[in-house]
J.: 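Quick one: the structure is below, questions incoming.
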Amino acid sequence: MPYELWIGSRYAGLTRAKGRGKKRDRFVSFIAGSSMAGIALGVAALIIVMSVMNGFQVDVRDRMLSVLPHIQLFNPQIDAVSALEDWQNLASEAEKNPEVVGASAFVASSGMLARGNVLKGVEIRGLDPANEGKVSELPDQIIRGSLDSLQPGTFNMVIGQTLANQMGVNVGDTLLVMSPQGSINPAGFTPRMRQFTISGIFSSGHYEYDSSLAFIAARDGAVLFRNMGLAGVRLKVNDMLDAPEVANQLMFSLPQGIVARDWTQDNRTWFAAVKTEKRMMFLILALIIAVAAFNLLSSLVMAVKDKQSDIAILRTLGASPAEVARIFLVQGSLIGVVGTFMGVFLGCVVAYNIDVIIPFIENLFGIHFLDPSIYFVSQLPSHPEVSDITAVGLTSLVLSILATLYPSWRASRLQPAEVLRHD
């Protein structure tokens, strides 16, 4: 073993000295251990927080896609009635792609719901109840009534539970639906209106959709909205993360004029905000590791000060300044590497078992971190990603190695004669 590695590991507290030097190394080992613990805690905290943020993102995304389609195909140049007449041919063409596992007709537009003095702007989606289960989880989210009640000509409607509470309606009540398209007469603009009967209530667990979505039969939606609504085919793919790629493939294989829009385009603002928040959280929590790296730097400076006599003796025995610098580079690097691996291990253990650890803490102290009456996510989710863990580990290693440069340089600049004269 090169003597620089042996001495550096001894100064880092990873090997023990014998005899009188054992007592002298205790102080250096203590400050080295505190630096190692600081790096480990910073790395673990960053991994756990990043995993929890990923868990919330995945959980919200899955709840969104339980209602929203992976891909929508439509021709913006034709009216909704004409688009519905040809939706099966379009679906057959799309299903030739091996990634497409389900298809169903849809109509989409905005409208206004009215009951008494209560007005509410909503997104109204027309659907085919016979095929809806192939593209979404909406049939499983019905808590009252039935999705099969949305038959053409019945003018029934299924709304979210939050929206039903806001409007003060239940199954069997009626709502007046106003379309943005209407007619102009001497009295002014008159919107197209139609009375719908509430035949079902759903709960997706996502407040935005439970409070702003209403579903009707696709044919009723085409008649109500005509030129103001989009109509076409909703698709479900094997892997939701491959939806943008599949949409691009369909754009080239389908007839000209057909637009393929995937779920990431419909929710671009939300995902951009989540990415920005995650990036800023990484930078903020990386400061914990930076503080631990400064602690490492100060501990190495103290180690150099404490070991001046040893350095002077090594220099008189023929050690070069570069070899002395390597001793403290080894010491700081070992502290950084061991601390980083300890932090990665601890962070992964907590992140991968947070569904067991958090309930244990809640039961032990009688507390609840996420009150289900306030948050729609009642359990703390965690979704560790290898890329995040790798980025955290590399950041810690780089900062640790940078922290060793100045103390190593200082050690190499010590003059043996000056040190030994004062001793």
Side-chain angles (χ1 to χ4, degrees), residues 1-48 285-315 317-350 389-414 419:
M1 179 187 296
Y3 78 91
E4 299 102 316
L5 181 60
W6 181 79
I7 297 177
S9 62
R10 173 181 164 183
Y11 287 172
L14 300 180
T15 58
R16 294 293 182 183
K18 296 181 180 180
R20 288 180 299 174
K22 185 175 181 180
K23 292 184 178 180
R24 293 185 59 197
D25 286 342
R26 287 180 179 176
F27 174 70
V28 176
S29 297
F30 172 76
I31 59 178
S34 64
S35 301
M36 197 179 298
I39 293 173
L41 290 175
V43 170
L46 188 50
I47 290 175
I48 294 169
L285 292 177
L287 294 177
I288 299 177
I289 303 177
V291 170
F294 278 110
N295 186 28
L296 173 59
L297 187 150
S298 62
S299 67
L300 289 176
V301 171
M302 295 173 65
V304 171
K305 185 72 174 176
D306 184 70
K307 300 298 183 182
Q308 284 184 341
S309 298
D310 294 359
I311 296 170
I313 294 172
L314 287 173
R315 290 295 306 278
L317 291 175
S320 66
E323 290 173 335
V324 172
R326 282 199 291 269
I327 292 174
F328 291 94
L329 280 172
V330 168
Q331 178 188 357
S333 299
L334 286 176
I335 293 173
V337 169
V338 174
T340 298
F341 278 96
M342 289 173 57
V344 169
F345 175 77
L346 177 62
C348 289
V349 168
V350 175
I389 296 173
T390 303
V392 172
L394 291 177
T395 300
S396 175
L397 290 175
V398 170
L399 291 176
S400 300
I401 292 174
L402 290 177
T404 65
L405 297 180
Y406 174 73
S408 302
W409 177 79
R410 282 287 303 272
S412 68
R413 300 286 294 177
L414 288 177
V419 174

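Along the sequence shown, the residues carry numbers beginning at 1.
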J.: Among Leu397, Val43, Val344, which residue satisfies the side chain to side chain contact (heavy atoms under 4.5 Å, CB included) criterion with Val392?
T.: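 Single side chain to side chain contact (heavy atoms under 4.5 Å, CB included) partner of Val392 among Leu397, Val43, Val344: Val43.
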J.: Write down the atom of Ala403, the atom of Leu300, and the distance for their closest heavy-atom approach.
T.: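 Closest approach of Ala403 to Leu300: O-CD1, 4.1 Å.
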J.: Just wondering, do Glu323 and Arg326 contact through their side chains at under 4.5 Å, heavy atoms?
T.: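 Result yes, sub-4.5 Å side-chain heavy-atom pair found.
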J.: Find the distance between CG (Leu297) and CG (Leu399) and round it off to the nearest 0.5 Å.
T.: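 Those atoms lie 11.5 Å apart.
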J.: Under the side chain to side chain contact (heavy atoms under 4.5 Å, CB included) rule, collect the residues that match up with Ser400, sequence neighbours excluded.
T.: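 Side chain to side chain contact (heavy atoms under 4.5 Å, CB included) list for Ser400, sorted by chain: Ile39, Leu296, Ser396.
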J.: In chain order, what residues pass the side-chain hydrogen bond (donor to acceptor under 3.5 Å, both in side chains) check against Ser299, with sequence neighbours excluded?
T.: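 Ser299 satisfies side-chain hydrogen bond (donor to acceptor under 3.5 Å, both in side chains) with Ser35 once adjacent residues are dropped.
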J.: For Thr390, what residues pass the side chain to side chain contact (heavy atoms under 4.5 Å, CB included) criterion, not counting sequence neighbours?
T.: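 Result, side chain to side chain contact (heavy atoms under 4.5 Å, CB included) vs Thr390: Val386, Leu394.
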J.: Donor-acceptor check, side chain of Ser408 to backbone of Leu329, threshold 3.5 angstrom: yes or no?
T.: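 The answer is yes, because a donor-acceptor pair under 3.5 Å joins these two groups.
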J.: Let me see the working for Ile288 and Leu46 under side chain to side chain contact (heavy atoms under 4.5 Å, CB included), right down to the final yes or no.
T.: CA-CA 8 Å; Ile288 299 177; Leu46 188 50; over 6 Å; no
J.: Output the distance between atom CE (Met36) and atom CG (Leu41), rounded to the nearest 0.5 Å.
T.: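 If I round to the nearest 0.5 Å, the distance is 12.5 Å.
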J.: From Ile48 CD1 over to Leu346 CG, what is the distance, rounded to the nearest 0.5 angstrom?
T.: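 So the CD1 of Ile48 and the CG of Leu346 are separated by 6.0 Å.
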J.: About how many Å separate CG of Asn295 and CD1 of Ile289, when rounded to the nearest 0.5 Å?
T.: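 Reported to 0.5 Å precision, the distance equals 13.5 Å.
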J.: Can you tell me how far the CZ atom of Phe345 sits from the CD1 atom of Ile47, to the nearest 0.5 Å?
T.: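 One finds 11.5 Å between CZ of Phe345 and CD1 of Ile47.
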J.: Is it the case that the side chain of Ser412 and the backbone of Trp409 share a donor-acceptor pair, with hydrogens and angles ignored and the cut-off at 3.5 Å?
T.: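 Judged by distance alone, yes, a pair lies under 3.5 Å.
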